[in-house]
Amino acid sequence: MQILIVEDERSLAKALKKILEQQGYFVDCVHDGLSAIDYAKGLEYNLIILDVMLPKLDGFEVIRILRKDGVSTPVLMLTARTTTGDKVTGLNSGADDYMTKPFDTAELLARVGALTRRRGDVVVNNIDYEDLTLDLQSAMLSCAGQSVQLSHKEFEVLRTFLMNPNMTVPTETLLINGWGMDSEATDNNVEVYVSFIRKKLKYLGSVISIKKIPKIGYRLEVNRS
Ligand code: CA
């Protein structure tokens with residue numbers, strides 16, 4: 001189960017990510033409305049947890065754009081606002097459920113469980129992209145009958161790429177997914193792990209490579225000869 005958290009309060013985003021990961025969900029975090037749209041269109045998430053007050057584009061606009069563009073991923077809106085008017089706006093704009101902050105963890109998990117089950121309990125075990133298969137349980141990366149074991153950070157970094165294969169993934173996103181929001185890891189740590197992954201991709205003979213986009217991040221490239 002893959003969940004996208006859209007929340008600009010980083011401490012809250014981090015806490016939510018931790019709570020959900022403890023329950024076995026895979027979680028990506030973004031912190032503004034435009035990134036939310038990029039991510040939500042780039043991958044089939046099972047659920048989007050969406051704050052209302054966000055930089056660049058507010059949550060209501062985000063959900064309107066996603067629904068207009070045919071993204072039907074369930075959305076749980078999460079907001080500090082408590083008025084009935086906002087609740088109606090949220091549900092009218094296409095949200096599936098609504099919770100106000102501060103929320104109770106047990107209630108959040110119950111709602112997340114209900115919304116992610118709605119899609120028929122499809123459990124995603126692998127991510128496939130081009131000639132690669134990443135096993136989400138064992139962190140084994142396979143290509144053409146060969147497999148290598150990924151370390152935890154290699155797995156988190158590569159998983160982030162494979163879930164967003166057509167995007168330049170910001171270095172910051174890789175840092176958050178691999179090392180956590182409060183970590184003191186830097187761009188150099190990401191570079192080192194990307195180089196480890198590159199070696200494994202080369203060993204497997206994959207058509208996929210990872211290209212650095214200076215000052216932004218990295219993206220996957222498909223090398224067809
Ligand atoms: Ca906010």
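It should be emphasised that the depicted structure is a prediction, and the values quoted were computed from it without experimental measurement. First listed ligand is number 1; within each ligand, the first listed atom is number 1.
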J.: Just checking: Asp51, one of its N/O/S atoms, less than 3.0 Å away from the Ca ion (ligand 1), yes or no?
T.: yes
J.: For the Ca ion (ligand 1), find the closest N/O/S atom on Asp8 and give its atom name.
T.: OD1
J.: Can you tell me if an N/O/S atom from Glu9 lies under 3.0 Å from the Ca ion (ligand 1)?
T.: no
J.: Nearest 0.5 Å, please: how far is CD in Glu156 from OH in Tyr193?
T.: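 Those atoms lie 12.0 Å apart.
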J.: Evaluate the side-chain proximity of Arg67 to Val75: yes if any heavy-atom separation is below 4.5 Å, no if none is.
T.: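 The answer is yes, as the side chains (C-beta and beyond) meet within the 4.5 Å cut-off.
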J.: Is it true that atom CD of Glu184 has more than 12 heavy atoms of other residues, nucleotides or ligands lying nearer than 6.0 Å?
T.: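 Counting other residues, nucleotides and ligands, CD of Glu184 stays at 12 neighbours or fewer.
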J.: Do you know which of Thr168, Val169, Thr171 makes side chain to side chain contact (heavy atoms under 4.5 Å, CB included) with Ile216?
T.: Thr168
